[in-house]
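The structure appears right after this line, and notes come after that.
Since the structure is predicted, the reported quantities are computational estimates derived from the model, not experimental observations. Just so it is clear: chains get the letters A, B, ... in the order the sequence lines come, proteins before strands, and each one is counted from 1.
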Amino acid sequence: MAQYIQDVHDVARMIPPGRVTSYGAIAKFLGLGSARMPGWAMYQTVSGHDIPAHRVVNSKGELSGRHHFATPTLMQELLEAEGVQVRNNKIVNFKEVFWSPLEILN
DNA sequence: ACCGTGACGTGTC
DNA sequence: TGACACGCCACGG
């Protein structure tokens, strides 16, 4: 498996519960050329690796990856279970719950 | 090797 | 604002 996929998964595991980040933020953090790469990496997510893929959304706070979960509503349910408000497949107060991987350096 | 596709993001109109 | 175009890059057929 490609190394950058491992890196993306590692970053995803660093996301604190109740917070979310974006594919672009991960791409920037890892120095990847395209935001599509984290997206593809999450697509490679294997169950049993403890990867909170539901905490990664696009730059608008939309749950663009919900169709890749067991059920289309699972992603929203997992987020709401952590206290993240979701409305119309979009995260409410996205700016407030957004978490940048750069914060891990503090 | 070529082409279409995609859990994306930014710039235009 | 919102729809659309384009750049981006890995992967499968």
Side-chain angles (χ1 to χ4, degrees):
Chain A
M1 175 176 283
Q3 184 59 45
Y4 78 91
I5 294 180
Q6 287 292 333
D7 293 337
V8 172
H9 289 179
D10 287 341
V11 173
R13 277 190 287 259
M14 295 176 196
I15 306 174
R19 305 291 298 279
V20 300
T21 192
S22 71
Y23 303 97
I26 295 176
K28 184 183 176 189
F29 178 72
L30 294 178
L32 302 176
S34 169
R36 289 183 180 277
M37 290 163 73
W40 189 261
M42 295 312 293
Y43 175 74
Q44 303 292 325
T45 298
V46 181
S47 52
H49 284 221
D50 294 325
I51 301 172
H54 59 282
R55 296 184 191 143
V56 187
V57 298
N58 66 13
S59 64
K60 299 177 211 161
E62 299 170 339
L63 311 191
S64 52
R66 66 183 182 281
H67 295 300
H68 293 265
F69 285 76
T71 68
T73 57
L74 181 59
M75 186 176 189
Q76 173 171 348
E77 290 169 5
L78 291 172
L79 286 171
E80 291 181 334
E82 296 180 349
V84 178
Q85 302 293 321
V86 177
R87 186 66 179 172
N88 259 7
N89 297 320
K90 286 182 239 160
I91 294 179
V92 181
N93 293 330
F94 179 55
K95 272 198 80 167
E96 308 301 323
V97 297
F98 178 79
W99 174 87
S100 170
L102 296 173
E103 294 185 22
I104 211 67
L105 303 178
N106 298 335

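Whole-Å rounding puts the A:Met75 CE to B:dA7 P distance at 12 Å. Put simply, CG on A:Leu32 is 9 Å from P on C:dA10, counting in whole angstrom units. To the nearest angstrom, P of B:dG9 lies 9 Å from NZ of A:Lys60. Between the CE atom of A:Met42 and the P atom of B:dG6 there is a distance of 19 Å, given to the nearest Å. Whole-Å rounding puts the A:Gln6 CD to C:dA10 P distance at 17 Å. Rounded to whole Å, the distance from CD1 on A:Ile5 to C1' on C:dC9 is 12 Å. One can place CD of A:Glu62 at 12 Å from C1' of B:dG9, the figure rounded to the nearest angstrom. Atom pair A:Asn58:CG and B:dT10:P shows a separation of 11 Å (rounding to whole Å applied).
For the residue pair A:His54/A:Glu82, the side-chain donor-acceptor check at 3.5 Å is satisfied.
Listed for the A:Asn58 side chain is a donor-acceptor partner under 3.5 Å among the backbone atoms of A:Lys60. Side-chain atoms of A:Thr21 come within 3.5 Å of backbone N or O of A:Trp99 as a donor-acceptor pair. The closest donor-acceptor contact from the side chain of A:Arg55 to the backbone of A:Ile15 lies under 3.5 Å.
Between A:Ala2 and A:Ala35, the residue anchored closer to the 5' end of DNA chain C is A:Ala35, taking for each the nucleotide with the nearest heavy atom.
The nearest pair of heavy atoms linking A:Gln76 to A:Asn89 is OE1-OD1, 4.1 Å. When all heavy atoms of A:Tyr4 and A:Ala41 are compared, the pair lying nearest together is CE1-CB, 4.3 Å.
A:Leu105 and A:Phe98 fall into different hydrophobic clusters, where Ile, Leu, Val, Met, Phe, Trp and Tyr residues are linked whenever their side-chain heavy atoms come under 4.5 Å apart, directly or through other members.
Considering only side-chain atoms of A:Ser59, the nucleotide from B:dA7, B:dT10, C:dC8 that sits closest is B:dT10. The side chain of A:Ala53 sits closest to B:dA7 out of C:dC11, B:dG9, B:dA7. In this structure, of C:dA10, B:dG9, B:dA7, it is C:dA10 that holds the atom nearest to the side chain of A:Tyr4.
Of the residues in residues 81-92 of chain A, none lies under 4.0 Å from DNA chain C by heavy-atom distance.
Checked by distance alone, A:Tyr43 brings no side-chain donor or acceptor within 3.5 Å of a matching partner on the base of B:dA7.
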